[in-house]
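Here the structure is laid out as structure tokens; the discussion comes afterwards.
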Amino acid sequence: MAEELIGKVLVFKQHRGIITETEAYIGFDDPASHAFKGETPRTKIMFGKAGFSYVYLIYGMYHCLNIVTEKAGFPAAVLIRGVQLSDVSKLHLDGPGKICRHMGITKAHYGIDVATSEELYLGCIKQTLAFSKTPRIGIKVATDRLWRFLAKSEKG
DNA sequence: ACCCCGATCGTA
DNA sequence: ACGATCGGGGTT
């Protein structure tokens, strides 16, 4: 799903943009995942059905948006790390904290079903984007896994 | 009650 | 390279 989401459209309220960068956090054997140590109130949504938002606060200052994937009982999520805004600014939001800060996404938007919500959802465009795979960044473990996906022409 | 630390970002 | 800033989660 992290690969699939490259080139899809992220819509939140009046904001929309093409997803240019994602990271995957998968299952019980991924030590970089918040779900690795088991289910907690914060990570509960990751253990549920796919298609729900997982928003968390990081470093006391920034929010990060994920989309839960995989079947219930198997924790996984895709972190949205990069978005190219579709408005006239064409601003490239580079980093999960910047995306949420710009769009106003907070923990209040935890657990939204993106399949039915009219506030937060995903869309398609006709073209697909080529992408590259790299190690995930900002983590200190499991950096050998190529679970970061970056649209071509993005640096990194 | 206390402590450590983090899927970040802006500034130096 | 570093500090800001605070909640989550484990430990006392």
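Only a predicted model underlies this, so the values are computations on that prediction, with no experimental measurement involved. Each chain gets a letter, A, B and so on, in the order the sequences are listed, and its residues count up from 1. We use all heavy atoms of the structure for the numbers below, so side chains are in, but hydrogens, waters and symmetry mates are not.
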Using atom [atom1] of [X] as one end and atom [atom2] of [N] as the other, report the distance to the nearest whole Å.
X: A:K98; N: B:dT11; atom1: NZ; atom2: P; value: 11 Å
X: A:R101; N: B:dC9; atom1: CZ; atom2: C1'; value: 7 Å
X: A:L93; N: B:dG10; atom1: CG; atom2: P; value: 11 Å
X: A:I99; N: B:dA7; atom1: CD1; atom2: C1'; value: 12 Å
X: A:I80; N: B:dT8; atom1: CD1; atom2: P; value: 14 Å
X: A:I137; N: B:dC9; atom1: CD1; atom2: C1'; value: 12 Å
X: A:K140; N: B:dC4; atom1: NZ; atom2: C1'; value: 11 Å

B:dT8 phosphate, OP1 or OP2: any side-chain N/O from A:R81 under 4.0 angstrom?
->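 So the side chain of A:R81 is within the cut-off, an N or O lying under 4.0 Å from OP1 or OP2 of B:dT8.
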
Footprint string (nucleotides 1-12 of chain C, 5' to 3'): B base within contact, S backbone only, - free, heavy atoms under 4.0 Å = ---BBBSSS---

Donor-acceptor under 3.5 Å (A:H109 side chain, A:T106 main chain) |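 Checked: pair present.
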
Main-chain N/O of A:V55 paired to A:S53 side chain as donor or acceptor, under 3.5 Å |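 No; judged by distance alone, with no hydrogens or angles, the pair does not exist.
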
Which stems, defined as runs of 3 or more consecutive Watson-Crick or G-U wobble pairs with both pairing distances under 3.5 Å, involve DNA chain C?
->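 Stem list for DNA chain C: B:1-6 with C:6-11, B:8-11 with C:1-4.
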
According to a hydrophobic-cluster definition based on side-chain heavy atoms being under 4.5 Å apart (Ile, Leu, Val, Met, Phe, Trp, Tyr only), do [X] and [Y] belong together?
X: A:M1; Y: A:L79; answer: no
X: A:L150; Y: A:I125; answer: no
X: A:Y121; Y: A:I105; answer: no

Below 4.5 Å, heavy atoms only, C-beta onward: do A:D30 and A:R136 meet side chain to side chain?
->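 Result yes, sub-4.5 Å side-chain heavy-atom pair found.
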
A:E4 atom CD, over 12 foreign heavy atoms within 6.0 Å |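 Count not over threshold, so no.
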
Determine the contact category for A:R136: base if any of its heavy atoms lies under 4.0 Å from a base atom, sugar-phosphate if only primed atoms, P, OP1 or OP2 are that close, otherwise nothing.
->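 It contacts nothing in the nucleic acid.
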
Residue pairs, two or more places apart or on separate chains, that pass side chain to side chain donor-acceptor pair (under 3.5 Å) and touch residues 67-85 of chain A =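 Found A:E21-A:R81.
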
Which atom pair, heavy atoms only, marks the closest approach of A:T43 to A:Y110?
->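 Heavy-atom minimum between the residues: C-OH, 4.2 Å.
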
Is A:Y56 stacked on the base of B:dA7 when the test is centres under 5.5 angstrom and planes under 30 degrees?
->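 A stacking contact does not exist, since A:Y56 is not both close and nearly parallel to the base ring of B:dA7.
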
